[in-house]
Each structure stands twice: as C-alpha cells, then as structure tokens.
2 protein chains.
Amino acid sequence: MKRRPTITDVAEAAGVSVSTVSKAVNGRYGVASETVDHVLAVVAELGYESSLIASSMRSRTTGVIGVLVADFEPFSAEILKGVGQALRDSAYDLLAYSGTHGTAEGWERRSLSRLSGTLIDGAIIVTPTVVNVGTEVPVVAIDPHTGPADLPTVEADSFGGALQATRHLLDLGHTRIGFIAGRPDLRSSIARDAGYRRALGDAGIAVDPRLVGSGSYRQDAVRVAALEMLERPDRPTAIFAANDISAMEIVKVAGELGLDIPTDLSVIGFDDVPEASKSTPALSTVRQPMQTLGAEAARLLLSLMRGETPPATHLTLPTRLVPRATTAPPK
Amino acid sequence: MKRRPTITDVAEAAGVSVSTVSKAVNGRYGVASETVDHVLAVVAELGYESSLIASSMRSRTTGVIGVLVADFEPFSAEILKGVGQALRDSAYDLLAYSGTHGTAEGWERRSLSRLSGTLIDGAIIVTPTVVNVGTEVPVVAIDPHTGPADLPTVEADSFGGALQATRHLLDLGHTRIGFIAGRPDLRSSIARDAGYRRALGDAGIAVDPRLVGSGSYRQDAVRVAALEMLERPDRPTAIFAANDISAMEIVKVAGELGLDIPTDLSVIGFDDVPEASKSTPALSTVRQPMQTLGAEAARLLLSLMRGETPPATHLTLPTRLVPRATTAPPK
DNA sequence: ATGAAAGCGCTAACAA
DNA sequence: TTGTTAGCGCTTTCAT
C-alpha cells in the first residue's frame with residue numbers, strides 16, 4: 001500500500017526536470033540519448049508507470065478503447081470476447097465499463113461522457129438506451145436503439161431470426177404461440193416482435209394479444225407476463241421469448257406451474273448465450289453471432305478512428321435456428 | 001462529436017463560480033438551496049456529467065472497482081460475470097481493463113499502477129504474473145501467482161480437480177496418461193501438475209517425463225507439445241490438459257493426426273468454460289466455479305474496502321469432474 | 001453563502 | 001539539449 005512514484009519522483013531521483021522525464025518516457029525528440037538511458041534506468045528502478053488518468057488529461061489520445069455495457073451479463077460478456085479478439089493484435093488497450101448498472105435511462109450517455117474526451121479514444125456501446133450521444137470520439141453501437149441511426153451500428157438479423165423461431169414452432173404443429181417481448185426501445189426487440197407477427201400471419205394465424213407479453217429482458221417482468229399467460233385456461237402450447245434469459249425464466253415458471261417442457265409447453269429463446277445450451281433441458285434458441293458482433297464493431301471502430309470512411313456503417317449479421325430440447329410438437 | 005460541457009460551462013451558464021457548481025453537484029454544505037436548484041437545472045439542461053478522470057485526480061475515491069485481466073478470453077469473461085453479479089446491488093461501477101494484452105510479464109502491475117491511486121478504489125486481478133503489487137488500494141487476486149501470497153486470494157481446488165481428472169482416466173483403464181501443463185508461474189498450474197503426479201503415484205504408475213509437456217496455456221506451445229507427444233510410437237492413450245483451451249487444441253491436433261477422439265485418445269481439460277460443452281465432441285473437464293470465484297473476490301474486496309478484516313483472506317472453492325464425450329476406455 | 005486560488009500528475013509550447 | 005510555465009477539469013481550503 002505504498003505510494004506510487006510519480007513523474008516528479010523520477011525527475012528528482014534522476015536529477016532532471018519533469019518535462020525531460022516526460023520526453024524521455026514518451027520518446028520525444030530533443031533529449032540526449034544518455035539522458036534517456038539514465039532516466040529510463042531510474043524509471044525501471046522506481047517502478048514508475050505513468051498515470052493513465054493524468055496523461056489522458058493532457059494528451060488527446062490514450063490508446064484505449066472503451067466498451068460500454070449496461071451490465072456484465074452473458075450477452076455483453078460474449079461481445080466483450082469478440083472485441084478482445086479483434087483488438088488482440090492492435091496496439092489498443094481495452095477498457096470495459098458498466099456504470100450505474102444500466103438502471104437509469106441514458107446510462108451510456110453518462111458513462112460515455114465521463115470517460116470520453118479523455119480516457120478513451122473510441123467507444124463501442126452495447127444495447128444503448130438513447131439514440132444520440134454527442135461525443136468527441138468515434139462511437140459504434142451494437143444492438144442499437146430504435147430511431148434514426150446516426151451512429152454506425154452492428155446488429156444481428158433479428159427479424160429473420162424471429163421468423164425462423166416462430167416457423168419452427170409452427171412446423172412442429174403449434175398454433176397457439178405466445179411471445180414475450182424484449183426492451184421496446186431496442187431496434188432488435190421490435191424486429192423480433194415483427195418477425196413473430198409475420199410468421200403467424202404467413203401461417204394464417206391471427207395474433208392473440210393476450211398471448212403477447214412484455215418482458216423487457218427483465219426477469220421479474222418476464223415472470224409476471226409468463227405467469228399471466230400460462231395460468232389462463234387457453235394457455236399457449238409454445239412461447240417464443242425475445243432473448244435467452246427471458247426464455248430460461250419462462251422455463252422456470254412453467255416448472256413451478258407443474259408444466260413439463262417440452263411436452264406441455266415448448267419454449268424457444270434468442271441469442272444462444274452459453275447458458276442456453278447448459279440449462280436443463282437445453283434451450284432451443286436462435287443463435288446470433290455475438291462474438292462476431294463484437295469483433296465487427298471493433299473493426300468498424302478502428303477504421304473510423306483511423307479517419308477512414310468505411311464502405312458500410314450499418315452491419316447486419318445472420319442468425320441461425322438452433323433447435324434443442326425445449327421445443328417439440330404439442331400434445 | 002461536439003464538445004462535452006465542462007464544469008466551467010455550467011458555471012458560466014448559471015452565473016456562479018466553478019466551486020459553487022462543484023459543491024452543488026456533490027451536495028456539499030454551504031450552498032443556498034435555491035442556488036443548488038438553479039445549478040442543477042443548468043446541469044440538466046446542458047447535459048453536464050462530471051469527468052471521471054478529472055474528478056478522480058482530485059478526490060481520493062471514485063466509486064469504481066477495477067478488474068484487471070490479461071485478456072478478455074472465456075475464463076476471465078466468466079469471472080467478470082460473477083463480479084458483475086456481486087456488484088449489481090452495490091453502489092460501485094465496474095471497470096474491466098486489459099492492458100498490453102497480457103503479453104508482457106507484469107502487465108497487472110503496469111495496469112494497476114496506471115489506474116490505481118486515482119481511477120479505482122479497489123482492484124481484482126486475474127491470473128497475475130507477479131506476487132507483489134504495491135498499491136494504494138485494496139487488491140484481491142483470483143487464481144494467484146505462486147509464491148508467498150501477501151495478497152488476499154480466491155482460487156479453485158486445482159489439486160483436487162487434477163486428482164479427479166487423472167483418476168477418471170485411470171478408472172477408465174488408461175495407464176499411459178500424458179499431461180500438458182499450464183503457466184508454470186501460477187499456483188493453480190503447479191497444483192494441477194501435482195495432482196496429476198499424485199494420482200499416478202497412487203495408482204502405482206511412474207511418471208514418464210516424455211509424457212509431460214509444457215503448454216503455458218498458449219495455443220502454439222500446446223500444439224508443439226501435443227504433436228511431439230502424439231507422434232511418438234508409444235504415445236499416450238489419454239491426455240490431461242491444465243485448462244480447456246489447451247485441451248481443445250489437443251483435440252484439434254489429434255484430429256489432424258487422424259486420431260479419433262475418444263477411441264484413439266481420451267482428452268480431459270480443466271475449467272469448464274462455456275466453449276468446452278459446445279465443442280465437438282463435448283469436452284470432458286473439471287469444472288471450477290468461475291462466476292463464484294469472481295463473486296467471492298468481489299465480496300472479499302468490498303469487505304476490505306470497508307476497512308474490515310475478513311475472517312478468511314484465502315478462499316479455495318471446490319472443483320467437480322464433468323465427464324463428457326472426449327474420455328472413454330482405451331482401445 | 002460564495003468565489004478565488006492552489007494543485008492533483010502529466011504534456012506541450014516556449015525559453016534558455 | 002534542457003528547463004520553465006501554463007494549463008487539462010475538477011475538488012478543496014481559505015478568504016470574502
């Protein structure tokens with residue numbers, strides 16, 4: 001717990017000025033090579049490391065890329081792995097930040113504001129709650145907010161995925177198919193809703209509004225909606241949830257209600273987070289390439305930071321049906 | 001890309017001094033409540049957010065906890081989820097940092113030095129390369145370095161896990177069992193090595209040094225070691241790898257060599273990262289509770305930051321054998 | 001109750 | 001080639 005040496009300590013120990021140390025450490029011109037050697041020796045001896053914070057207050061660039069997430073949950077963790085992979089060979093450090101735990105609307109604006117302009121040279125924001133973030137650094141959004149996207153975005157084909165999921169249930173013979181929606185402010189959630197409706201429409205089935213619940217990706221909300229849906233006499237024989245976490249909560253609620261999965265109720269999710277395949281029974285879902293999402297966002301950001309004009313600033317990656325053990329024909 | 005408002009902007013717009021704004025925003029005493037209201041209104045209007053960096057340079061505490069990782073790979077991602085979970089209801093923000101991508105020895109000392117004293121109030125370092133980190137903030141190590149642990153640590157029972165893994169192979173009837181070791185500077189790696197040797201010893205089998213390779217948890221090193229081991233005429237019929245990433249690389253190498261898993265070669269890993277169960281064939285492994293590791297580390301750190309003296313500062317969590325499809329009796 | 005001023009550790013003109 | 005100086009945005013005495 002001893003005090004970290006500062007540039008002043010180094011300067012004193014080396015018998016030179018603070019600015020000389022700064023120059024030596026940062027390899028600026030105009031320092032005698034012997035002086036550099038001497039300073040660096042002192043630096044090594046004292047174990048000096050420049051404070052990222054202090055440096056970033058003065059210099060415009062820090063060599064750090066920030067990933068802003070509402071929370072470190074399975075989805076964002078996968079994204080993070082992808083970003084890490086893409087940045088592995090770059091010179092950038094990676095800083096992931098979860099502020100105020102995404103409880104408040106506009107968490108990303110707040111986080112971005114606190115970090116940008118100084119700490120990070122560019123940012124990737126995951127499932128943001130606002131469209132507009134005025135910043136001084138390039139920003140890429142993953143799974144963006146609804147509304148006009150002035151930000152470069154990377155997302156998965158949610159509409160197509162929802163279509164596949166709902167059709168899968170239809171193909172199995174289900175006709176009463178429920179839907180638990182996600183965060184209504186996310187473009188992806190809306191697309192999943194639309195995909196669900198389209199698939200039903202294509203099959204000539206009218207959407208029963210009592211079979212559509214709002215889950216907002218929050219377990220408590222999902223629970224309420226699922227309970228309400230499953231306790232009614234004409235309950236659905238299958239439910240499509242807008243993400244895996246919601247789907248897993250539905251499975252849990254069904255279990256508490258004494259419903260057998262998939263005999264009494266089929267459930268399908270969206271995302272294919274690692275937890276999906278490990279749950280019992282293994283969750284049927286629609287896979288979105290989360291790590292690739294992260295990697296592509298990183299590549300896009302890097303390109304933006306180099307001042308380039310990337311050919312495409314709105315990427316949509318394909319999704320794929322992954323049927324597992326929670327979907328089966330109705331009784 | 002417009003400039004973020006600073007405290008000076010707010011002060012000007014509100015017609016008060018910078019210090020008054022600071023006091024108002026931070027709820028300090030000595031400001032008329034009408035002034036506070038007025039200032040806060042301007043703050044809201046301008047969308048001002050204090051710069052984390054600038055604040056942290058002046059105040060000793062920031063309300064941010066840092067997790068330092070070499071890299072955002074599956075293992076550390078799981079840890080991160082656990083830490084996030086444990087901190088969900090705390091008032092702390094979470095900042096995960098991967099600097100210099102763990103390539104250089106002592107990355108965590110460097111990162112810690114750059115962040116601590118200013119940006120973060122406490123840190124969790126994952127698989128550090130050094131024992132000693134002199135800092136101004138409390139630090140907890142997960143999967144710590146070998147050597148006298150002056151740091152509070154949280155780790156899994158690597159020795160017991162390795163014992164289970166090797167015995168599993170023994171029980172299946174294997175007698176020529178190889179081992180690909182991990183990072184030799186990690187206490188856990190050494191314990192896994194020891195567990196392997198103990199299990200063989202207990203079974204009355206001498207350790208064949210040609211059946212022990214060093215992988216250092218790096219894919220290229222693992223590949224070399226695996227190739228060397230598997231190309232010899234008296235190749236092992238089973239290999240225990242010190243972590244899953246290594247094990248998966250071995251499976252890959254075996255495939256290239258035309259060896260069938262698990263018929264020609266059994267492979268078992270360690271960790272049970274999400275990828276293990278998703279690989280084909282599904283990897284047999286020893287599960288360590290990574291998320292719990294992270295959560296416990298967070299709890300320990302929180303307690304330390306409150307100035308408490310926790311009852312135990314060295315936690316060891318249990319591991320569990322998870323046999324899957326890559327282990328079978330020898331031909 | 002308010003504001004002026006110092007300074008956190010560092011970088012970048014500018015002077016010497 | 002080196003050192004001096006002026007801030008970066010903020011918090012915190014200390015005057016007013």
Side-chain angles (χ1 to χ4, degrees), chain A residues 3-39 42-43 46-64 113-121 136-137, chain B residues 3-40 42-43 46-64 113-121 135-137:
Chain A
R3 210 178 63 82
R4 199 171 75 74
T6 72
I7 197 174
T8 316
D9 299 326
V10 175
E12 264 174 25
V16 296
S17 78
V18 170
S19 58
T20 301
V21 175
S22 176
K23 284 172 200 156
V25 168
N26 296 304
R28 298 276 178 277
Y29 288 110
V31 188
S33 62
E34 340 170 305
T35 312
V36 171
D37 291 347
H38 176 220
V39 169
V42 174
V43 163
L46 262 49
Y48 165 78
E49 286 297 342
S50 78
S51 158
L52 181 58
I53 285 73
S55 333
S56 74
M57 278 203 67
R58 292 302 297 147
S59 38
R60 185 113 295 278
T61 146
T62 55
V64 179
S113 201
R114 302 195 76 191
L115 300 181
S116 98
T118 30
L119 230 205
I120 56 183
D121 292 348
E136 300 142 274
V137 297
Chain B
R3 210 177 62 81
R4 195 173 76 76
T6 71
I7 198 173
T8 315
D9 299 327
V10 175
E12 263 174 27
V16 295
S17 78
V18 170
S19 52
T20 300
V21 174
S22 175
K23 284 173 199 156
V25 168
N26 296 302
R28 296 277 179 275
Y29 287 110
V31 188
S33 62
E34 339 170 303
T35 313
V36 172
D37 292 347
H38 177 222
V39 169
L40 292 186
V42 174
V43 163
L46 263 48
Y48 165 78
E49 286 298 341
S50 78
S51 157
L52 180 58
I53 284 75
S55 331
S56 74
M57 277 204 66
R58 295 297 301 149
S59 38
R60 187 111 296 274
T61 146
T62 54
V64 179
S113 205
R114 300 195 77 190
L115 301 181
S116 99
T118 30
L119 228 206
I120 56 182
D121 293 348
T135 38
E136 299 143 276
V137 299

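Letters A, B, ... mirror the listed sequences (proteins, then strands); counts begin at 1.
Atom CZ of A/R58 is separated from atom C1' of C/dT11 by 6 Å (rounded to the nearest Å). Between the NE2 atom of B/H38 and the P atom of C/dA1 there is a distance of 18 Å, rounded to whole Å. Look at CE on A/M57: it is 11 Å from C1' on C/dG7, rounded to the nearest Å. Rounding to whole angstrom units, CG of residue B/L119 and C1' of C/dC8 are separated by 13 Å. What separates CZ of B/R60 from C1' of C/dG7 is a distance of 14 Å, to the nearest Å. In this structure, the CG atom of B/L115 is 16 Å from the P atom of C/dG9, given to the nearest Å.
Considering only residues two or more places apart in sequence or on other chains, B/T62 meets the side-chain contact (heavy atoms from CB on, under 4.5 Å) condition with B/L52, B/S56, B/V64, B/D121. With sequence neighbours excluded, no residue satisfies salt bridge (charged side-chain N to carboxylate O under 4.0 Å, His left out) with A/D37. When the side chain to side chain donor-acceptor pair (under 3.5 Å) test is applied to A/T20, the partners found at least two apart in sequence or on another chain are A/S17. Partners of B/S50 by side chain to side chain donor-acceptor pair (under 3.5 Å), not counting sequence neighbours: none found.
Counting 5' to 3', DNA chain D first comes under 4.0 angstrom of a heavy atom of chain A and last does so at the ends given by D/dT1 to D/dG9.
The two atoms that bring A/V31 and A/A24 nearest to each other are CG2-N, 4.4 Å, heavy atoms only. When all heavy atoms of B/A11 and B/V21 are compared, the pair lying nearest together is CA-CG2, 3.6 Å. The minimum heavy-atom distance linking A/V42 with A/A14 is given by the pair CG2-CB, 3.8 Å. In terms of heavy atoms, A/S51 sits closest to A/R4 at CB-NH2, 3.1 Å.
No side-chain heavy atom of B/V25 sits under 4.5 Å from any side-chain heavy atom of B/V10.
Note on residues 7-19 of chain A: pairs passing salt bridge (Lys or Arg N to Asp or Glu O under 4.0 Å), not counting sequence neighbours, are A/R3-A/D9. Each salt bridge (Lys or Arg N to Asp or Glu O under 4.0 Å) pair with one or both residues in residues 49-59 of chain B, not counting sequence neighbours, appears once here: A/R110-B/E49.
Rounded to the nearest 0.5 angstrom, B/I120 CD1 and A/I53 CD1 are separated by 8.5 Å.
Under 4.0 angstrom from either OP1 or OP2 of C/dT2 there lies at least one side-chain N or O belonging to B/T35.
At its two ends the helix from C/dA1-D/dT16 to C/dA16-D/dT1 runs along axes set 50° apart, each axis drawn from five pairs and the angle rounded to 10°.
Contacts of A/T6 with the nucleic acid, taken as non-hydrogen atoms under 4.0 Å apart, involve only primed sugar atoms and P, OP1 or OP2.
Within residues 24-33 of chain A, the residues approached by DNA chain C to less than 4.0 Å at the level of any non-hydrogen atom are A/N26, A/R28, in residue-number order.
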Quick test: give all pairs of protein nitrogen or oxygen and nucleotides 3-5 of chain C nitrogen or oxygen below 3.5 Å, distance rounded to 0.1 Å.
{"unit_1": "C/dG3", "atom_1": "OP2", "unit_2": "B/S17", "atom_2": "N", "d": "2.8"}
{"unit_1": "C/dG3", "atom_1": "OP2", "unit_2": "B/S17", "atom_2": "OG", "d": "3.3"}
{"unit_1": "C/dG3", "atom_1": "OP2", "unit_2": "B/T20", "atom_2": "OG1", "d": "2.9"}
{"unit_1": "C/dG3", "atom_1": "N7", "unit_2": "B/S19", "atom_2": "OG", "d": "3.2"}
{"unit_1": "C/dG3", "atom_1": "O6", "unit_2": "B/K23", "atom_2": "NZ", "d": "2.7"}
{"unit_1": "C/dA4", "atom_1": "N6", "unit_2": "B/S19", "atom_2": "OG", "d": "3.1"}

